[in-house]
Amino acid sequence: MTARFDQGPWAAAGVQTVQPGVHRVPLPLPNDGLHAVNVYLLEDLADDGGIVMIDGGWAIPEARKALDEALAAIGRDLGDISHILVTHIHRDHYTNAVELRRLLGSRVYLGAGERPGLEMLDQLRSDQPTGSLETLRTAGAGELADRIAAMDHGGYDPSVWEAPDRWLAAETLRFGERELHVVPTPGHTKGHVVFLDEQRGLLFSGDHVLPHITPSIGFELAEPGGRPLADYLDSLRLMHRYADARLLPAHGPVADSAHTRVAELLAHHDDRLAKSLTALGEDTLDAHAVARKLGWTRRAVPFGELNAFNQMLAVNETAAHLDVLVLRGRATVAFVGGVNQYTRLR
């Protein structure tokens, strides 16, 4: 599950030049344990001399101000942003991209796997994490789902959930003499993509590969279902098909090796799968019951000490691990009274 970052130098306002023409800019987030989201400014891609921006940030005035100041520090301004490539639909990545398009006329690109969820959001017209709440109910945590549904989620603003200019598949984007490979990496969301610059050895990883924490799995604003952890593990292994690259994540500092962190994340999930199976024991339990037996974050915090939002992430992550155990023949599942009940296979 996503843990809280200690606010450190990576989240401080300003510009880090990763290499000539590639800049990391952390933009602030409102009331969020992650503190900031990295966006990346690529100066030498667009044919017209503009800037290609990877991820947009959260549509708040503080983020706009930080971006404006960062651009000024490299001798540019907001009007230079010609394209915004977004890794996934979560509001800390997508909503400011839509705002900037309205202001500047920039073109916004988003993975095609996010399209059904975005269309469902337009029907539901709610900022509640509807898909995650439905998963929570089938995990046996209906009371927790009710509590989260009753919280203030900021109100639905249709203006920041508009469709992109272009839906991305597994393809190569060409900007002048440079290329960015679009690699679909479902798991964190169904339509998550990463952008790989093979020429310079850079992986813009969004929330797929993070240097200090494990991303939440299957955190959908709408349209639940599927096997998000199985998809995520496949997406992690996919990274090893490409040459190693520097890791440019959405949260946290730049790291030297994406492959090293991918291996750590795979090992982490192997450990969580083993612990989930042990917690299941000889009983037939729902994911909520199993989650209450496990420790959370690197400090192994008891489930009861988490706030409601992080309890939701914990339960849904546990359900995702139990589903993988079923896929691997280590457990069975039965849908009883609207709740998935898991039993360990002997």
Side-chain angles (χ1 to χ4, degrees), residues 21-23 25 27 37-60 63-64 67-68 70-71 76-125 127 156-186 188-197 202-208 220-223 248 250:
V22 180
H23 311 281
V25 179
L27 300 183
V37 58
N38 293 324
V39 302
Y40 294 91
L41 307 176
L42 282 61
E43 290 192 90
D44 58 351
L45 289 186
D47 295 331
D48 58 3
I51 287 175
V52 174
M53 181 169 159
I54 295 183
D55 277 329
W58 193 313
I60 56 173
R64 179 83 56 79
L67 179 60
D68 202 14
L71 284 161
R76 309 296 289 263
D77 60 40
L78 286 173
D80 290 325
I81 300 173
S82 60
H83 297 75
I84 307 174
L85 316 181
V86 183
T87 58
H88 62 293
I89 200 176
H90 287 165
R91 68 175 70 193
D92 58 327
H93 296 256
Y94 190 62
T95 57
N96 197 44
V98 176
E99 285 283 327
L100 290 172
R101 177 177 63 184
R102 185 175 298 112
L103 176 68
L104 308 170
S106 309
R107 290 180 58 80
V108 175
Y109 294 7
L110 182 67
E114 304 288 36
R115 187 169 190 162
L118 185 60
E119 291 173 348
M120 186 175 288
L121 274 177
D122 185 53
Q123 297 172 20
L124 296 172
R125 305 189 75 75
D127 279 354
Y156 180 74
D157 179 1
S159 70
V160 296
W161 294 115
E162 295 172 354
D165 297 284
R166 179 172 169 183
W167 295 103
L168 296 172
E171 59 185 284
T172 299
L173 301 176
R174 291 177 173 83
F175 298 95
E177 296 181 357
R178 294 201 178 273
E179 297 179 342
L180 283 178
H181 298 293
V182 183
V183 184
T185 51
H188 179 58
T189 66
K190 292 181 180 181
H192 194 291
V193 297
V194 301
F195 300 100
L196 177 62
D197 184 336
L202 303 176
L203 176 67
F204 301 92
S205 65
D207 283 3
H208 178 52
E220 302 287 349
L221 297 175
E223 199 185 48
L248 279 64

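Here the structure is a predicted model, which is why all the values come from computation and not from measurement.
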*asked:* To the closest 0.5 Å, what do you measure between CE (Met53) and CG (Asp80)?
replied: 12.5 Å
*asked:* So, applying side chain to side chain contact (heavy atoms under 4.5 Å, CB included) with Val86, which one of Asn96, Val98, Asp55, Leu168 is it?
replied: Asp55
*Side chains of Asn38 and Leu248: does their closest heavy-atom pair fall under 4.5 Å?*
no
*Closest non-hydrogen atom pair, Ala250 against Asp207*: CB-OD1, 3.3 Å
*asked:* Contact between Glu114 and Tyr94 at the side-chain level, heavy atoms closer than 4.5 Å - yes or no?
replied: no
*May I ask you to test the Leu118-Trp167 pair for a side-chain heavy-atom distance under 4.5 Å?*
yes
*Gap between atom CD1 of Ile54 and atom OG1 of Thr87 - 0.5 Å precision*: 9.0 Å
_What's the separation between atom CD in Glu43 and atom NE2 in His23, rounded to the nearest 0.5 Å?_
3.5 Å
*asked:* Within the 4.5 Å heavy-atom criterion, are Thr189 and His90 side-chain neighbours or not?
replied: yes
*Which atom names give the shortest non-hydrogen contact between Leu103 and Leu78, and what distance separates them?*
CD2-CD1, 4.2 Å
*Arg64 side chain reached by Leu100 side chain, heavy atoms, under 4.5 Å*: yes
*Main-chain N/O of Ser159 paired with Arg102 side-chain donor or acceptor, under 3.5 Å*: yes
*Please work out whether the ring planes of His192 and His208 are parallel, tilted or perpendicular, with thresholds of 30° and 60°.*
tilted
*Could you tell me whether the side chain of Tyr40 and the main chain of Val52 form a donor-acceptor pair under 3.5 Å?*
no
*Classify the angle between the aromatic ring planes of His93 and His88 as parallel (below 30°), tilted (30 to 60°) or perpendicular (above 60°).*
tilted
*Taking the side chain as C-beta and beyond, is there a heavy-atom pair between Phe195 and Leu202 under 4.5 Å?*
no
_Rounded distance (nearest 0.5 Å) linking atom CD of Glu99 with atom CH2 of Trp58_ = 13.5 Å
*Residue pair Ala70 / Val25: nearest heavy atoms and the distance that separates them*: CB-CG1, 3.5 Å
*Would you give the length of the straight line joining atom CD of Gln123 to atom CG of Leu121, rounded to the nearest 0.5 angstrom?*
9.5 Å
*With rounding to the nearest 0.5 Å, note down the distance linking CG in Leu85 to CZ in Arg107.*
11.0 Å
*Could you tell me whether a side-chain N or O of Thr95 sits under 3.5 Å from a main-chain N or O of Ala59, the two making a donor and an acceptor?*
yes
*Indicate yes or no: at least one non-hydrogen side-chain atom of Asp197 is less than 4.5 angstrom from one of Val22.*
no
*Kindly give the heavy-atom pair with the smallest separation between Pro184 and Ala169, and that separation in Å.*
CG-C, 4.4 Å
*When Phe204 is tested against each of Leu42, Val193, Leu196 for side chain to side chain contact (heavy atoms under 4.5 Å, CB included), which residue passes?*
Leu42
*Is Val182 close to Leu173 at the side-chain level, that is, under 4.5 Å between some pair of heavy atoms?*
yes
*Over all atoms of both residues, closest heavy-atom pair of Ser106 and Asp165*: O-OD2, 3.8 Å
